[in-house]
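Scroll down for the structure; my scribbles are underneath it.
Chain letters run A, B, ... following the sequence lines, proteins first and then strands; every chain starts at 1.
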Protein chains: 2
Amino acid sequence: MTKATERPTRLPSMADVAKTAGVSAQTVSRALRDSPNVTPETKKRVLAAVEQLGYRFNNAARVLSSGRSHTIGLVLLQSGGYYSRSAVTAGVEAAAGEAGYAVSIATIASLDTGLMERSLSKLADQGVDGIIIAVPLISVTRKMEDITRDIPTVTLDGSRTASARSLGIDQKEAGRLATQHLLDLGHRQVWHVSGPDEWIEARRRREGWQECLASAGIEAPPPLEGDWSPDSGYLQGQILARIPDVTAVFAASDEMAFGVIRALREHGRKVPDDVSIVSVDDIALAAYCCPPLTTVRQDFYRSSAAAVALLLRGDDAGAAEVVVPASLTVRDSTAPPRSR
Amino acid sequence: MTKATERPTRLPSMADVAKTAGVSAQTVSRALRDSPNVTPETKKRVLAAVEQLGYRFNNAARVLSSGRSHTIGLVLLQSGGYYSRSAVTAGVEAAAGEAGYAVSIATIASLDTGLMERSLSKLADQGVDGIIIAVPLISVTRKMEDITRDIPTVTLDGSRTASARSLGIDQKEAGRLATQHLLDLGHRQVWHVSGPDEWIEARRRREGWQECLASAGIEAPPPLEGDWSPDSGYLQGQILARIPDVTAVFAASDEMAFGVIRALREHGRKVPDDVSIVSVDDIALAAYCCPPLTTVRQDFYRSSAAAVALLLRGDDAGAAEVVVPASLTVRDSTAPPRSR
DNA sequence: TGAGCTTATGTTATCGATGACATACGTAAC
DNA sequence: GTTACGTATGTCATCGATAACATAAGCTCA
């Protein structure tokens, strides 16, 4: 058992394969990359030699000479809903793998500009061919611009830089869908527990909520800000529970909704009898909340895969913005307001 | 905006920096790696040149010449609890980053030997210096042995190969803790909703449960098998709800516990009044279940970080097995059995 | 003062695959 | 029967950093 820090013993190289197969190294290279002009017979001999020697190509050498690493970097936030993080990782990895790309991740501990710069540098140093940023960029520094100019980048939550393209789920629509559902049920006012203001997603959902209320001629109440966690939902729920005329709440994430519901119940307000609640995400547990959550589903897996496609396709459409729709799943946490 | 698939334009190399700083490339290399014998003055000049040219070292070249990629591969399962996946990713990435290593992930869609082989190959091709396998190895093929012999490997859930070391949370202890807690409350029998049998973690938890019951002189009832999802918990809960003398259930994951509880409630069995339930994980939502879950906490983040340390430290202790303890968090889903 | 050592820096070969170009052979066309 | 071209393969330089070795100072101590 060797340790990961010591230099490995020498493995067979392409030259070794070439010698065994009785051809030149270049022919081996061509045969292995399915280059057109290689006799099937030669190719067979090469593959046999590869098999015999247990040859495995050297990625570093390939990268060095070809200039492409076939790796894309993914920037994630360590905190924040673990559901989305997990789905995004899976989606990116699947789509990238499909296209023959590997994924290298860089997690940042908090939404800090310095940390963000450092993880982008780290990915750039690794020589990734492209970057997917799945966290909001609070502010885009010169260094960040430099990197995203050199390396194709797609942002996954609506952040914008001069050179990155961006793609995301239509969060404003998500906010609108949730709010409209409550209004349709007959509620006259909808309160909102939002995500942290640094998150563009949170801002967009809030905008959707505001606009929806506005177009119904309702003045939006002040939003209550959480941090995506159930604990923060619980905290804000304790405030909402004390406001008698709250009959409908739009929570920006399922996890916060769990917290809000607990707080309401502890204050004797029943969901959905006294208060209706809609949230966003449709995590696996949403159906097992008490009551099961009405929520706006987000297909992170799909939007992440789409981000990879956008990155690799690389339309020269400049900083195009692509949007993936969201859809409402109605369960039992919403109902018409109690008739007065 | 370039696309990720085309060859990037030439960036400044070490030679360029050397010329600008008026030293040799080797000196630049030494200066950047904090080699001892470099004058502070020279180092300053080099760093200035680096800054001026916007130099960024070429990872591929470094890997090619040094033989080490400073990257570790992480194998994850796409399905399965997203909580653990997320925590493991974060833990591995943080610990690896700390040590100057990058993390490349390989997700497999299902527990299939072929897929497993392919993702190990993929990581090996990428030239990772070490591998962390966070999914159970159903069966270890020759090819898998070959790779784990060449590349230092740590398994994170108790799977064993001839050459990999392994590390994990003490799952048997987790099962025992959960079961003992229920017995201590006065329950005379504890039922079990287990994870899928292919998962070693699931097996260990079940063993802990069985042994705990056995040492209390109780014969274990047949375990009910779920797949970690809340839906599967719900399904098994519907069975448990129909068995009148069930008063205590040990669910192998929080998510399944959510499902079990819903099923029980739908059949009029109250938790914890009629049935107590303990599970494992302590996810963020555990405290917001109805009722809040008593659960065995697993510190995936910590154990993952420990796995990285083990990998990089590389004791020659052969296939050592290291274990991280689990701990019980008591909330409201457990109570003494209703006196009869 | 000069042998012997240490410290800072330069030189050269090397890692392994690949792109660009060169060559050898065959075949079709005039 | 020669020109022209296509196909299969080989040769060589190259990517950029580093290890190993070489050299040039500076310093110590007999």
My understanding is that only one of B:L156, B:T155, B:L115, B:L111 makes a side chain to side chain contact (heavy atoms under 4.5 Å, CB included) with B:V135; could you say which? B:L111

Closest heavy-atom contact between A:V128 and A:I72? CG1-C, 4.1 Å

Decide yes or no, distance alone: a donor-acceptor N/O pair under 3.5 angstrom between the base of D:dG10 and the side-chain of A:R30. yes

Under 4.0 Å between a side-chain N or O of A:T42 and OP1 or OP2 of D:dT9? yes

Using atom CD of B:E41 as one end and atom C1' of C:dT7 as the other, report the distance to the nearest whole Å. 16 Å

In whole angstrom, give the distance that lies between atom CG of A:L32 and atom C1' of C:dT18. 12 Å

Between the side chain of A:R68 and the main-chain N/O of A:V63, is any donor-acceptor distance below 3.5 Å? no

So for the helix from C:dT1-D:dA30 to C:dC30-D:dG1, with five pairs setting each end axis, what is the inter-axis angle to 10°? 40°

Taking CG from B:L64 and P from D:dA19, how many angstroms apart are they, rounded to a whole number? 12 Å

Flag the pair B:E51 and B:R56 as a salt bridge only when some basic side-chain nitrogen lies within less than 4.0 angstrom of an acidic carboxylate oxygen. no

Which residues within residues 20-29 of chain A lie with some heavy atom under 4.0 Å of an atom in DNA chain D? A:V23, A:S24, A:Q26, A:T27

To the nearest Å, give me how far apart CZ (B:R45) and C1' (C:dT9) are. 11 Å

Give A:V63 one of three labels, base, sugar-phosphate or nothing, depending on what nucleic acid heavy atoms sit under 4.0 Å from its own. nothing

What is the distance, rounded to the nearest whole Å, between atom CE of A:M14 and atom P of D:dG10? 13 Å

Checking side chain to side chain contact (heavy atoms under 4.5 Å, CB included) for the pair B:L120/B:I131: CA distance, chi angles, key distance, verdict? CA-CA 8 Å; B:L120 284 179; B:I131 296 179; 3.9 Å; yes

Review item, side-chain donor-acceptor pairs of residues 137-147 of chain B, under 3.5 Å, at least two apart:
residue	atom	partner	partner atom	Å
B:T141	OG1	B:E117	OE2	2.6
B:T141	OG1	B:M144	N	3.3
B:E145	OE1	B:S163	OG	3.4
B:E145	OE2	B:A162	N	2.9

Distance in angstrom units between A:R68 CZ and D:dC15 C1', rounded: 13 Å

Whole angstroms only, please: what is the NZ-C1' distance between B:K19 and D:dA17? 16 Å

Side chain of B:N37 only, heavy atoms from C-beta on: which candidate in D:dG16, C:dG16, C:dT7 is closest? C:dT7

N or O in side chain of A:R33 less than 4.0 angstrom from C:dT18 OP1/OP2: yes

Is it the case that the side chain of B:S304 and the backbone of B:R302 share a donor-acceptor pair, with hydrogens and angles ignored and the cut-off at 3.5 Å? no

Polar side-chain atom of A:S13 near backbone of A:A15 as donor-acceptor pair, under 3.5 Å: yes

Between the main-chain N or O of B:T42 and the side-chain N or O of B:T39, is there a donor-acceptor pair closer than 3.5 Å? no

Nearest-angstrom distance from the residue atom CZ of A:R62 to P of C:dG19: 10 Å

Among D:dG10, D:dA8, D:dT18, find the nucleotide with the atom closest to the side chain of A:T39. D:dA8

